[in-house]
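One structure is given here, and the rest of the page talks about it.
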Amino acid sequence: MSKGEVTVDLSISCRNERATCRNVEAVVGPDTESEILVTGHVDSHDIGDGARDNGAGSVLAAEIGRLLALNEDRLDTKVRLISFGGEEPGLYGSYYWQENHDLDAVKCQVNMDGIGYSRDLMVNGSESVREVFEESARRLGVPIETNPLSSVGPFTDQWPFIKEGVASVTCRSREDSAPVRYGNTEWAHTHADTLDKLDWRDMRDLGIQIATAVAGLADAETEIPSVPVSAVRDAVPEPVHEYLRLAGRSEWE
């Protein structure tokens with residue numbers, strides 16, 4: 001490119017076949033009208049083994065459900081655990097759920113994506129939910145990094161909910177604190193995204209941290225206000241708006 005204009009002919013030999021995917025759900029806690037969503041997704045494919053992205057998120061959803069079920073009688077709010085399908089080709093599972101349920105009944109969403117390779121948690125999204133995570137981390141004596149609404153975007157299952165004003169966060173592992181043995185490299189969407197990049201001790205700690213925060217969110221005294229849609233729109237950076245326009249998915253135009 002440094003030598004000037006370059007012309008490239010690109011030939012791609014592939015096709016997309018029609019397919020069916022599913023959302024898998026479980027519920028713990030009382031049968032309340034309000035509920036908390038704890039979500040992961042499955043998006044491994046022919047060139048992505050999908051351990052970090054996002055087998056770990058779905059496994060943690062199941063583990064959080066197991067931990068909460070041990071204390072089910074202490075929950076004030078129903079918790080719905082979901083593993084969405086079809087995330088990678090276009091958030092199909094989460095959009096389907098959002099479009100077919102009453103979002104007024106969703107107190108908040110805790111989404112997990114790109115997680116499991118470090119027990120240092122990073123939480124991005126709504127302030128009211130982040131505050132509960134920060135308080136849980138303080139009680140447990142563990143580090144946590146939180147980031148505001150401007151950190152969210154249309155590339156994970158948080159998006160179909162937060163764009164509609166549902167208080168929501170996405171939980172990730174902090175890449176810069178991953179052990180050296182993992183290479184501190186982004187393995188997602190490659191054949192290298194394998195189980196050897198994960199450690200069950202990290203997963204165990206993350207399960208405890210997130211389950212503790214979810215239990216706090218489920219407390220009847222914990223108020224989680226919805227997020228003004230205008231605040232989400234204004235917080236999203238302009239390059240993301242440009243992406244949405246180009247993709248024909250601009251949510252507010």
Side-chain angles (χ1 to χ4, degrees), residues 12-26 37-67 80-98 109-125 151-161 168-211 214 243 247:
I12 299 175
S13 178
C14 67
R15 64 183 184 272
N16 290 331
E17 302 287 0
R18 289 184 63 84
T20 299
C21 65
R22 288 179 169 81
N23 295 336
V24 179
E25 302 185 16
L37 305 185
V38 177
T39 64
H41 68 263
V42 175
D43 66 352
S44 52
H45 47 86
D46 57 343
I47 60 168
D49 282 20
R52 284 188 181 185
D53 186 15
N54 187 37
S58 289
V59 168
L60 279 169
E63 172 66 359
I64 291 162
R66 186 188 71 83
L67 292 172
R80 186 179 302 273
L81 308 120
I82 312 175
S83 180
F84 290 121
E87 190 263 5
E88 197 55 52
L91 311 181
Y92 283 106
S94 51
Y95 264 111
Y96 180 86
W97 201 99
Q98 173 253 302
Q109 178 202 23
V110 175
N111 182 51
M112 293 168 290
D113 188 359
I115 196 169
Y117 49 91
S118 159
R119 67 193 66 177
D120 287 359
L121 196 58
M122 179 170 64
V123 180
N124 302 334
S151 63
V152 308
F155 308 108
T156 188
D157 291 312
Q158 178 184 13
W159 182 251
F161 298 91
S168 173
V169 295
T170 289
C171 299
R172 302 183 181 276
S173 285
R174 281 184 53 195
E175 182 77 20
D176 58 3
S177 61
V180 174
R181 65 181 179 276
Y182 298 155
N184 290 350
T185 302
E186 181 51 70
W187 301 108
H189 306 166
T190 75
H191 278 315
D193 189 7
T194 48
L195 286 174
D196 59 294
K197 309 303 191 307
L198 302 172
D199 190 309
W200 69 267
R201 294 166 295 186
D202 296 334
M203 294 284 286
R204 179 189 63 190
D205 277 18
L206 290 167
I208 293 170
Q209 291 179 53
I210 299 172
V214 172
Y243 160 80

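Within 6.0 Å of OH on Tyr95 lie more than 12 heavy atoms contributed by other residues, nucleotides or ligands. Annotation: Tyr92, atom OH; neighbour count of heavy atoms from other residues, nucleotides and ligands within 6.0 Å does not exceed 12. Within a 6.0 Å radius of CZ in Arg22, other residues, nucleotides and ligands contribute 12 heavy atoms or fewer.
In summary, the side chains of Asp120 and Ser118 do not present any donor paired with an acceptor at a separation below 3.5 Å, with no hydrogens or angles considered. The closest side-chain donor-acceptor pair between Ser44 and Asp49, if any, does not fall under 3.5 angstrom. There is a side-chain donor-acceptor pair under 3.5 Å between Asp113 and Thr156.
Within the model, atoms CZ of Phe161 and CG of Leu37 stand 5.5 Å from one another, a figure rounded to the nearest 0.5 Å. Between the CG atom of Leu81 and the CD atom of Glu63 there is a distance of 11.0 Å, given to the nearest 0.5 Å. Taking CE of Met112 as the reference point, atom CZ of Arg172 lies at 12.0 Å (rounded to 0.5 Å). Note that CD1 of Ile115 and CZ of Arg52 are 12.0 Å apart. Values are rounded to the nearest 0.5 Å. Ser94 OG to Asn111 CG: the interatomic distance, rounded to the nearest 0.5 Å, is 8.0 Å. Summarising the geometry, atom OH belonging to Tyr117 is positioned 11.0 Å from atom CZ belonging to Arg174; distances are rounded to the nearest 0.5 Å.
Nearest heavy-atom pair across Leu91 and Trp159 is CD1-CB, 4.1 Å. When all heavy atoms are compared, the tightest approach of Ser151 to Asn124 is OG-CB, 3.1 Å. Of all non-hydrogen atoms in Asp193 and Trp187, the two that sit nearest each other are CB-O, 3.5 Å. For the residue pair Cys171 and Leu121, the shortest heavy atom distance occurs at CB-CD1, 4.0 Å. The minimum heavy-atom distance between Cys21 and Gly86, with the atom names listed, is SG-N, 3.7 Å. Contact detail for Gly116 and Met203: the closest heavy-atom pair is CA-SD, 3.6 Å.
Side-chain contact check for Asp53 versus Glu88: some heavy-atom pair is nearer than 4.5 Å. Between Asp202 and Ser173, every side-chain heavy-atom pair lies at or beyond the 4.5 Å cut-off.
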(request) Step by step, work out the side-chain contact (heavy atoms from CB on, under 4.5 Å) result for Gln158 and Thr39. (result) CA-CA 9 Å; Gln158 178 184 13; Thr39 64; over 6 Å; no

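Side chain of Ser83 to backbone of Val24: no donor-acceptor contact under 3.5 angstrom is found. Thr190 contributes no side-chain N or O that, together with a main-chain N or O of Ala188, makes up a donor-acceptor pair within less than 3.5 Å.
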